[in-house]
There are 2 protein chains.
Amino acid sequence: MMRKESSVNLENEKTLEAECPFIFALSLMGKRWKPAILWKMTEGICRFGEMKRAIPQISEKMLAQHLRELETDGLITRTVYPEMPPRVEYALTELGLSLQPILKQLNDWGENTKKIKNIA
Amino acid sequence: MMRKESSVNLENEKTLEAECPFIFALSLMGKRWKPAILWKMTEGICRFGEMKRAIPQISEKMLAQHLRELETDGLITRTVYPEMPPRVEYALTELGLSLQPILKQLNDWGENTKKIKNIA
DNA sequence: CCGTATCCTAAATGATACTG
DNA sequence: CAGTATCATTTAGGATACGG
């Protein structure tokens, strides 16, 4: 079984992904649930079940898949404690943490936009 | 033919989408190519073919679909000039423009991360 | 508790052809 | 130019069962 979980593909160097910083950023954190996972994790160290509850729309399968990719791409760390029952903790790396201000602003933008649109 | 292009679904008020500003923000601009489209549009008024060339990975179909949703959700405007050959111009609304600083920071983050990862 | 494996369905996307 | 329509395909996602 091979291990190729990163969502980044830079094999054809001339693609926009390789050239454009914006597309590159999206390739690291732009997939469906990744921003939400990262946003949740800015609160601090998280466990699997905790994130599942925090983002109820995501399936376990997708959560696991996204966590692997984020780990491979160096945005989060995964620490397994060999206990019974097992405990696994996810935390942002320095790189992941550097996204926090951007995620915060996006959250603020959402809040303002809800007001403008008179939702909630 | 009905017209229901918005990607926002707030019918069940208790969903995270309705409650959480972050998920709400994602529902407006978090889909696959939307950030890239919006980022391109921060340069100014855009035409369809121009965006297609700027984001070569996106298909015409998806570009059109995403543009419809962004229009319905009030992030962009679409102006048709009844000429021959036809001309259609897309521009950010005030709301769409308010995303510019966030998109800019994401672009900067991508640039820095590329350096850190020694890509390009 | 924290997953993986499998099977299956729904949605996203791509290719192609065509229109005002 | 700026799309739409249709079909084929790929990928995402859900349900369930099982394992360390």
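Since the structure is predicted, the reported quantities are computational estimates derived from the model, not experimental observations. Within every chain, numbering begins at 1; the chains are lettered A, B, ... in the order of the sequence lines, protein sequences first and strands thereafter.
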Which nucleotide in dA2(D), dA12(D), dT4(C) has an atom nearest any side-chain atom of Arg68(A):
dT4(C)
Lys61(B) side chain: which of dC2(C), dG14(C), dA2(D) is closest?
dG14(C)
Nearest to the side chain of Met62(B) - dA15(C), dA12(C), dC2(C)?
dA12(C)
Tell me the interatomic distance from Glu69(B), atom CD, to dG3(D), atom C1', rounded to whole angstroms.
17 Å
If the cut-off is 4.0 Å, is Tyr90(A) near the phosphate of dG3(C), judged by side-chain N/O to OP1 or OP2?
yes
dT13(C) phosphate, OP1 or OP2: any side-chain N/O from Arg32(B) under 4.0 angstrom?
yes
Can you tell which of dG14(D), dT4(D), dA12(D) lies closest to the side chain of Ala64(B)?
dT4(D)
Assign each of Glu89(B) and Glu60(A) the nucleotide of DNA chain D bearing its closest heavy atom; nearer the 5' end lies the nucleotide of Glu89(B)
Report the distance from atom CG of Leu63(A) to atom C1' of dG13(D), rounded to the nearest whole Å.
13 Å
Separation of dC2(C) atom P from Tyr81(A) atom OH, nearest Å, is 12 Å
Among the nucleotides dA12(D), dG14(D), dC1(D), which one has an atom lying closest to any side-chain atom of Ser59(A)?
dG14(D)
Find the distance Arg47(B):CZ to dG3(D):P and express it as a whole number of Å.
10 Å
For Glu83(B), does the CD atom have more than 12 heavy-atom neighbours from other residues, nucleotides or ligands under 6.0 Å away?
yes
Test: Glu50(A) and Arg53(A) ion pair at under 4.0 Å
no
Closest-nucleotide mapping onto DNA chain C: is Leu67(A) or Trp33(B) further toward the 5' terminus? I mean the 5' end.
Leu67(A)
Over how many whole Å does the gap from Glu83(B) atom CD to dC1(D) atom P extend?
14 Å
Do the side chain of Lys117(A) and the main chain of Asp73(B) share a donor and acceptor less than 3.5 angstrom apart?
yes
Separation of dT13(C) P from Ile37(B) CD1 (nearest whole Å):
10 Å
As a test of reading the structure: which of dG13(D), dA2(D), dG20(D) is closest to the side chain of Pro86(A), going by heavy atoms?
dG20(D)
Within the structure provided, determine whether Lys104(B) and Thr42(B) are in side-chain contact (heavy-atom separation under 4.5 Å).
no
Which value, rounded to the nearest 0.5 Å, describes the distance between Gln57(B) atom CD and Lys52(B) atom NZ?
14.0 Å
Just checking Lys52(B): base, sugar-phosphate only, or nothing, at a heavy-atom cut-off of under 4.0 Å?
nothing
To the nearest Å, give me how far apart CD (Glu50(B)) and C1' (dG3(D)) are.
16 Å
Between dG14(C) (C1') and Ile55(B) (CD1): distance, integer Å
17 Å
